[in-house]
There are 2 protein chains.
Amino acid sequence: MTARDLLIESTKRLIWERGVNATSPGAILNASGVGQGSLYHHFSGKPALAAAAAASLAADLQAETDRMLGGDEPSPLAKVRAYVDADRDALRGCRLGRLAFDPGRDGGVAAPIAAYFTELQRTLTQLLDQAVTAGELADSTDTTAVATVIVAGVQGGFVLAALTGDPRAMTDTTRGLQVLLQNAMTSHAPRPRNQ
Amino acid sequence: MTARDLLIESTKRLIWERGVNATSPGAILNASGVGQGSLYHHFSGKPALAAAAAASLAADLQAETDRMLGGDEPSPLAKVRAYVDADRDALRGCRLGRLAFDPGRDGGVAAPIAAYFTELQRTLTQLLDQAVTAGELADSTDTTAVATVIVAGVQGGFVLAALTGDPRAMTDTTRGLQVLLQNAMTSHAPRPRNQ
DNA sequence: GTCTATACCGCGATAGAC
DNA sequence: GTCTATCGCGGTATAGAC
């Protein structure tokens with residue numbers, strides 16, 4: 001493994017554990033076993049290295065969600081349900097979401113993260129639209145709102161689990177999201193509104 | 001205002017803006033106009049000051065939610081709906097939730113925050129239980145899951161808004177949560193007067 | 001109680017040898 | 001390309017005068 005790759009891999013791991021701001025070049029050099037000169041040879045400085053690591057993390061997550069939400073096999077709704085129920089290490093936090101309020105999240109780091117979440121929200125909305133077309137969900141379903149609350153719910157599950165130290169915050173949250181999807185299904189279509 | 005209070009108020013403001021780890025004693029002294037000696041006279045160090053500020057922030061939020069969820073006037077479900085639709089400055093983040101992955105969130109800071117969220121989740125669950133008893137929600141409602149996904153959804157809305165720079169992430173999320181509550185209502189329940 | 005002066009250390013980066 | 005040596009700066013805290 002080249003020094004450049006070692007630096008990126010170590011930075012990715014440290015960013016997941018402590019965030020960008022709290023990850024120092026010294027810690028990265030320690031973790032990677034690379035000398036200081038290599039860092040500043042391959043990158044202009046810490047911000048550039050952090051940006052490269054963030055882009056790689058975003059690519060990793062993108063690949064994982066693609067594997068879960070792509071393909072033609074299960075129904076659109078089943079894919080969304082699978083995303084909600086995916087295995088998550090609740091206490092470690094989302095590799096990207098945990099950086100939302102990290103002071104080290106400058107432009108270079110922020111861009112790939114924003115792109116990942118925008119794309120995830122778009123993909124889920126499309127799947128929900130397909131589920132409506134396929135008759136899996138009621139016609140009246142607000143697919144944008146449902147897709148957003150799913151992504152937000154998962155991120156908030158990570159936040160609550162970390163804050164309380166209790167991973168059940170995540171499982172309770174995803175159970176609530178499944179209730180939302182269940183009640184949106186056509187067999188349980190919303191009752192007529194009185195008015 | 002005493003020096004001690006000035007220090008706590010300035011620290012609260014800076015913690016909201018940058019988090020605990022990225023708030024230095026120097027910045028606090030600058031913001032408060034207090035001398036360095038006063039800080040270390042009233043507090044053993046930065047961790048103790050941060051803990052006092054976190055406790056004060058938690059008390060502020062507790063008072064705000066008490067005002068919204070307490071009293072006997074509106075129905076239990078209407079209170080929960082009001083919490084979901086409360087005014088929020090999405091891009092600034094939740095004063096407490098944004099600290100979930102802050103490396104400076106040590107035991108002294110973490111405890112009052114965890115207590116606030118545990119209590120909020122408990123209160124919402126109770127209100128939802130009352131709503132079931134009152135016939136506002138279906139008997140089969142998983143009140144723990146719904147309460148948790150509401151708290152998590154709001155926190156995740158903050159996260160997504162910050163990550164994408166778009167406050168609509170919060171409004172889309174709360175709309176999704178209202179759909180969840182709407183679909184959990186019983187057909188015979190009186191509808192809330194707002195929306 | 002509050003102030004200024006001082007100290008120590010690690011962060012982030014540069015210089016220049018090999 | 002990689003290494004070690006060095007630098008300036010700010011974070012965090014202590015000392016001691018007033």
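Just the heavy atoms: all of them, side chains too, but no hydrogens, waters or symmetry mates, feed the values below. So that the names make sense, note that chain A is the first sequence line, chain B the second, and so on, each numbered from 1. Fair warning: this is a prediction, and the values are worked out from it, not measured in the lab.
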Check: protein-nucleotides 10-13 of chain D nitrogen or oxygen pairs below 3.5 Å:
residue: D/dT12; atom: OP1; partner: B/K46; partner atom: NZ; Å: 3.2
residue: D/dA13; atom: OP2; partner: B/Y40; partner atom: OH; Å: 3.2
residue: D/dA13; atom: OP2; partner: B/K46; partner atom: N; Å: 3.1
residue: D/dA13; atom: N7; partner: B/Q36; partner atom: NE2; Å: 3.1
residue: D/dA13; atom: N6; partner: B/Q36; partner atom: OE1; Å: 3.3
residue: D/dA13; atom: N6; partner: B/Q36; partner atom: NE2; Å: 2.8

_Can you list everything that forms a side-chain contact (heavy atoms from CB on, under 4.5 Å) with A/R13? Sequence neighbours excluded, please._
A/S10, A/E17, A/A31
*Where A/H42 and A/A3 come nearest, the two heavy atoms and their spacing*: NE2-CB, 4.4 Å
*Is B/R95 salt-bridged to B/D60, going by a charged N under 4.0 Å from an acidic O?*
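Looking at B/R95 and B/D60, the cut-off is not met.
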*Between B/R67 and B/E64, is the closest basic N to carboxylate O distance under 4.0 Å?*
no
*Nucleotide range of DNA chain C contacted by chain B, 5' to 3', under 4.0 Å to a heavy atom?*
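Contact span on the strand: C/dG1 to C/dA5.
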*With clusters built from Ile, Leu, Val, Met, Phe, Trp and Tyr whose side-chain heavy atoms come within less than 4.5 Å, directly or transitively, what are the remaining members of the cluster of A/L91, listed by chain and number?*
none
*Among Ile, Leu, Val, Met, Phe, Trp and Tyr joined by side-chain contacts under 4.5 Å, find the other residues sharing a cluster with A/W16 and list them by chain and number.*
none
*Is B/R88 atom CZ crowded by more than 12 heavy atoms from other residues, nucleotides or ligands, each under 6.0 Å away?*
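Atom CZ in B/R88 is crowded, with more than 12 foreign heavy atoms closer than 6.0 Å.
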*asked:* Below 4.0 angstrom, which residues in residues 4-20 of chain A have at least one non-hydrogen atom near DNA chain D?
replied: none
*With rounding to the nearest 0.5 Å, note down the distance linking OG in B/S32 to CG in B/D5.*
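The distance works out to 11.5 Å.
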*Is the NZ or CZ atom of B/R122 both under 6.0 Å from the centre of the six-membered ring of B/Y116 and within 45° of that ring's axis?*
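No, B/R122 does not lie over the aromatic ring of B/Y116.
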*Check step by step if side chain to side chain contact (heavy atoms under 4.5 Å, CB included) holds for B/I150 and B/L181.*
CA-CA 10 Å; B/I150 286 173; B/L181 290 173; 4.2 Å; yes
